[in-house]
Amino acid sequence: MSRRLLVTSALPYANGSIHFGHLVEYIQTDIWVRFQKMSGHEVHYVCADDTHGTAIMLRAEKEGITPEQLIDRVWREHKRDFDGFLVGFDNYHSTHSDETRALSEGIYRALKGRGLIDIRSVEQFYDPVKSMFLPDRFIKGECPKCGAKDQYGDSCEVCGATYTPTDLKNPYSVVSGAAPVRKASDHYFFRLSADECKRFLEDWTQQGDHLQDEARNKIREWFDQGLNDWDISRDAPYFGFEIPDAPGKYFYVWLDAPIGYLGSFRNLAARGGVDFDAFTKPGGDTEMVHFIGKDILYFHALFWPAMLEYAGYRTPTKVFAHGFLTVNGEKMSKSRGTFITAGSYLDLGLDPEWLRYYYAAKLGPTMEDIDLSLDDFVARVNSDLVGKFVNIASRAAGFIHKRFGGKLFSSRFTERFESELPGLREAAGVIAAHYDAREFGKALREVMALADVVNQFVDKHQPWELAKHNDTEQLHYVCSIVLNAFRLLTIYLKPVLPAVAARAEAFLNVEPLTWADAQTLLPAGHAIRPYEHLMTRVDQKQIAALVEANRENLAPTAATHSPQRHAQHQENAVNEATKPETATAAATAPAPAAPAPAPAEAATPTISIDDFMKVDLRVARVARAEHVEGAEKLVKLTLDLGTETRQVFAGIKAHYEPSKIEGRLVVMVANLAPRKMRFGESQGMVLAASADGSGVFLLDVDSGAAPGMRVK
RNA sequence: GGCGAAUUAGCUCAGCGGUUAGAGCAGCGGAAUCAUAAUCCGUUGGUCCGGGGUUCAAAUCCCUGAUUCGCCA
């Protein structure tokens with residue numbers, strides 16, 4: 001039975017680049033969508049940039065451009081990144097669109113017509129210089145408890161106290177620096193606490209199968225705390241849609257953001273061929289599925305269904321929330337270089353399908369966080385994709401071309417195929433069920449186990465031996481089996497690896513593969529094309545370069561809270577550009593560290609432990625030390641780091657006789673950028689103490705230490 | 001602070017009441033040489049975070065402690 005699906009991923013905020021955290025979601029959704037399409041279902045996958053709010057407005061102002069110019073530029077960047085990672089949206093739109101405006105106004109009017117909109121006066125902080133109301137995250141001040149400076153209005157990053165913005169001492173506006181004043185204004189509220197609304201939401205979230213179990217439990221907690229009405233208006237100046245019949249009042253960005261799903265879909269439908277109403281009106285057999293991060297569950301499981309329900313639209317069929325991404329077991333960090341942007345990965349020429357595969361291998365249907373371990377990434381991609389999968393085609397293709405003119409075995413062998421590689425075709429069912437249930441990790445484990453079986457088959461029949469003994473028919477048969485097996489594996493991996501699959505289809509000389517094709521084999525005597533390698537290996541060095549490219553050498557701003565969270569937290573996430581320059585280094589340092597923000601002018605400002613850890617100090621053995629001809633000060637050292645050797649030029653000629661230091665242990669900076677010198681490249685630096693005119697003293701290491709040990 | 005999740009082999013993870021706890025990678029020992037070193041066979045390795053309890057039976061359920069992470073609109 002064919003399904004009809006409208007699928008969305010959360011809208012990225014038009015105020016920053018797409019990074020690895022975002023990609024978890026887009027890749028997850030894209031794989032699911034591609035699988036559904038391959039299975040013959042009708043799927044419309046839409047998304048858009050989320051473009052409104054104070055943060056966008058201020059950022060544009062700071063850059064001296066209009067918000068429209070800003071969001072237009074960011075849209076293009078985002079689109080490029082998504083295309084680069086093979087995220088196949090059927091439409092990528094913007095919330096700043098006629099469609100979204102019309103839908104937002106319509107939904108608002110419907111809610112108002114049902115008596116679900118209230119107007120109440122709210123007192124908020126107001127920036128008298130900028131003449132604007134300030135979202136909480138745009139107010140800073142001193143912590144009421146410990147007195148730490150430059151703390152946000154909700155919690156103190158030094159002592160951990162939580163409070164409200166009104167508790168701050170000496171508050172100031174992040175925008176203008178002025179002291180904010182309290183000012184009242186009328187706000188529009190969506191009456192979520194209305195009885196009918198509460199009943200509907202309790203029912204919608206707890207009954208039926210719209211949410212994951214964990215999500216349901218989470219929402220139960222929220223219900224227990226009581227539902228509050230939702231403030232959906234913001235005062236001018238604001239970049240967004242003005243509320244009908246309410247001059248100077250704008251829809252809060254979070255109102256029109258999810259409506260942007262429908263806006264994007266309507267924009268797609270307007271181009272023809274898609275029935276907008278069939279997917280958006282109640283009743284019918286279509287499905288509406290949202291993939292989101294767990295941080296925005298509240299909006300998608302409460303506000304959104306309520307808005308839809310009371311505005312006469314259908315409610316979501318499913319809301320699938322996923323967890324966050326950590327890198328090497330830790331939060332993504334700009335100072336560690338693990339806050340990796342999509343653009344940097346693509347610019348360095350890394351293969352997007354490596355990441356798609358790695359994420360898929362780690363993804364399941366739960367809200368659990370997933371970890372990107374960079375070492376594991378390299379090992380897994382190389383071993384699974386190149387070693388196991390791609391290699392299968394490569395092993396058989398040569399014989400088929402050299403011996404058989406590129407044509408497969410000339411008679412049918414479907415039954416024999418079954419007995420040679422039992423289960424390879426039947427697995428299609430299990431794997432499909434895994435994909436459909438978003439059990440991508442399980443699906444891929446299954447596929448890789450099959451790839452192992454195929455490699456075992458090759459080893460068992462040893463085609464190279466058959467070739468040697470001119471057992472032509474058997475050789476032809478075995479290689480044909482292997483290529484058919486490869487074709488099946490390609491089908492199974494195609495949702496994850498669309499580009500490799502396309503290359504494999506070209507090599508196999510077949511039409512684009514669908515899931516149903518797993519039921520058949522290549523026709524007897526089928527001609528294939530010459531084999532060209534389908535995927536290269538990841539080099540550890542590429543990963544190192546990626547991390548380096550993303551490393552920011554600024555003082556670590558503790559303010560990069562939950563960087564991987566959805567950018568949709570616009571009003572919460574103050575854009576880097578609008579932050580004042582004061583670094584709050586102390587917050588990330590566990591130990592005593594910096595007492596207060598260190599003055600930037602100081603010669604050696606206090607650094608955090610994070611800063612220190614950026615320097616990779618290693619014990620090294622001086623394997624060789626030689627004079628450098630023509631150099632006045634330099635000695636060429638060959639340093640043994642245990643796993644590798646480095647060539648380093650050290651300016652110690654005046655103080656050390658090379659032959660005397662051979663064999664001793666020294667401390668070196670192992671991650672210093674290599675530097676070309678007249679005599680060669682210096683790949684590091686050895687540590688020595690010195691003062692004016694006092695000589696140079698190499699650091700020694702106590703016995704017992706081994707080359708390669710980290711110094712910290 | 002409140003609530004929740006996680007903690008299993010060197011690494012990344014699976015197992016979630018029932019034979020001696022598994023996989024991939026890494027390591028080690030063999031084999032092989034078709035394949036852009038890719039493969040195959042064998043093998044080492046674990047007080048399943050600590051402590052209590054429930055049960056004929058606990059990595060799995062309950063309580064408690066530790067650590068890590070997340071959420072608090």
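Letters A, B, ... mirror the listed sequences (proteins, then strands); counts begin at 1.
At a threshold of 4.0 angstrom between heavy atoms, the contacts of Asp371(A) are confined to the sugar-phosphate backbone, with no base atom among them. Asp369(A) comes within contact range of the sugar-phosphate backbone alone, with a heavy-atom separation under 4.0 Å but no base atom that close. At a threshold of 4.0 angstrom between heavy atoms, the contacts of Lys460(A) with the nucleic acid are absent. When heavy atoms are screened at a 4.0 angstrom cut-off, Gly387(A) is found touching the sugar-phosphate backbone but no base atom.
Comparing A26(B) with U12(B), their P atoms sit 15 Å apart, to the nearest whole Å. Here the separation of A21(B) from G50(B), taken at their P atoms, is 16 Å to the nearest Å. The gap from the C1' atom of U19(B) to that of G27(B) amounts to 30 Å, rounded to the nearest Å. The same atom, P, is picked in U54(B) and in G46(B); the two are 30 Å apart, to the nearest Å. Taking atom P in both U20(B) and G24(B), one finds a spacing of 22 Å when rounded to whole Å. For the P atoms, the distance linking C49(B) with C11(B) amounts to 14 Å, nearest Å. For the P atoms, the distance from C16(B) to G22(B) is 14 Å, rounded to whole Å. Nucleotides C63(B) and C40(B) are separated by 50 Å at their C1' atoms, to the nearest Å.
Nucleotide A37(B): unpaired (no Watson-Crick or G-U wobble partner with both distances less than 3.5 Å). Searching all strands for a Watson-Crick or G-U wobble partner of C71(B) with both distances below 3.5 Å returns G2(B). Nucleotide C13(B) forms a pair with G22(B), judged by Watson-Crick or G-U wobble geometry with both contacts under 3.5 Å. Across all strands shown, the partner of C61(B) is G53(B), judged by Watson-Crick or G-U wobble contacts whose two distances both fall under 3.5 Å. For U47(B), there is no paired base (Watson-Crick or G-U wobble, both distances below 3.5 Å). With a cut-off of 3.5 Å on both Watson-Crick or G-U wobble distances, the partner of C28(B) is given as G42(B).
Aromatic ring centres of Tyr108(A) and Phe251(A) lie closer together than 6.0 Å. When ring centroids are compared, Phe486(A) and Phe389(A) come within the 6.0 Å threshold.
In this structure, Arg234(A) is positioned above the aromatic face of Tyr252(A), its NZ or CZ under 6.0 Å from the six-membered ring centre and within 45° of the axis. In this structure, Arg120(A) is positioned above the aromatic face of Phe189(A), its NZ or CZ under 6.0 Å from the six-membered ring centre and within 45° of the axis. Annotation: cation-pi geometry satisfied between Lys294(A) and Phe324(A) (NZ/CZ under 6.0 angstrom from ring centroid, within 45° of ring axis).
Checking G24(B), A14(B), U33(B) against the side-chain heavy atoms of Arg445(A) singles out A14(B) as nearest. Comparing atom distances between the Glu465(A) side chain and each of C25(B), U33(B), G70(B) picks out U33(B) as nearest. With distances taken from any side-chain atom of Asn391(A) to the nucleotides C40(B), U39(B), C34(B), the minimum falls on U39(B). If you check C3(B), C34(B), C40(B) against the side chain of Lys218(A), the one that comes closest is C3(B).
Rounded to whole Å, atom C1' of G70(B) lies 14 Å from atom CG of Leu325(A). Atom CD in Glu368(A) sits about 16 Å away from atom P in G4(B), given to the nearest Å. Regarding His434(A), its NE2 atom lies at a distance of 12 Å from the C1' atom of A14(B), rounded to whole Å. For the pair Phe324(A) CZ and A5(B) C1', the computed distance is 13 Å after rounding to whole Å. Per the geometry, OH belonging to Tyr359(A) stands 17 Å off C1' belonging to C13(B), to the nearest Å. The distance between atom NE2 of His461(A) and atom C1' of C41(B), rounded to the nearest whole Å, is 17 Å. Protein atom CG of Leu444(A) is 14 Å distant from nucleotide atom P of A14(B), rounded to whole Å. Taking atom CD1 of residue Ile219(A) and atom P of nucleotide C3(B), one finds them 19 Å apart after rounding to whole Å.
Between Tyr261(A) and His290(A), the ring planes are parallel. Angles under 30° get that label, and only those over 60° would be called perpendicular. Using cut-offs of 30° and 60° on the angle between ring planes, the pair Phe20(A) and Tyr359(A) is perpendicular.
Along RNA chain B, the nucleotide closest to Ala379(A) and the one closest to Arg395(A) are compared, and the more 5′ of them pairs with Ala379(A). When each of Tyr358(A) and Leu534(A) is assigned the nucleotide of RNA chain B bearing its nearest heavy atom, the one mapping closer to the 5' terminus is Tyr358(A).
Taking 4.0 angstrom as the limit, Lys331(A) places a side-chain polar atom (N or O) nearer than this to OP1 or OP2 of G70(B). Within the 4.0 Å cut-off from OP1 or OP2 of C13(B), at least one side-chain nitrogen or oxygen of Lys362(A) is found. Contact annotation: Gln462(A) side-chain N/O to C34(B) OP1/OP2 distance is not under 4.0 Å. Between Ser373(A) and C11(B) there is no side-chain N or O to OP1 or OP2 distance below 4.0 Å.
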Start with the C-alpha gap between Val378(A) and Trp354(A), add the side-chain angles, then the distance that decides, and say whether side chain to side chain contact (heavy atoms under 4.5 Å, CB included) holds. CA-CA 9 Å; Val378(A) 173; Trp354(A) 292 336; over 6 Å; no

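Against the 90° criterion about 0, the sugar-base torsion of A66(B) places it in the anti range.
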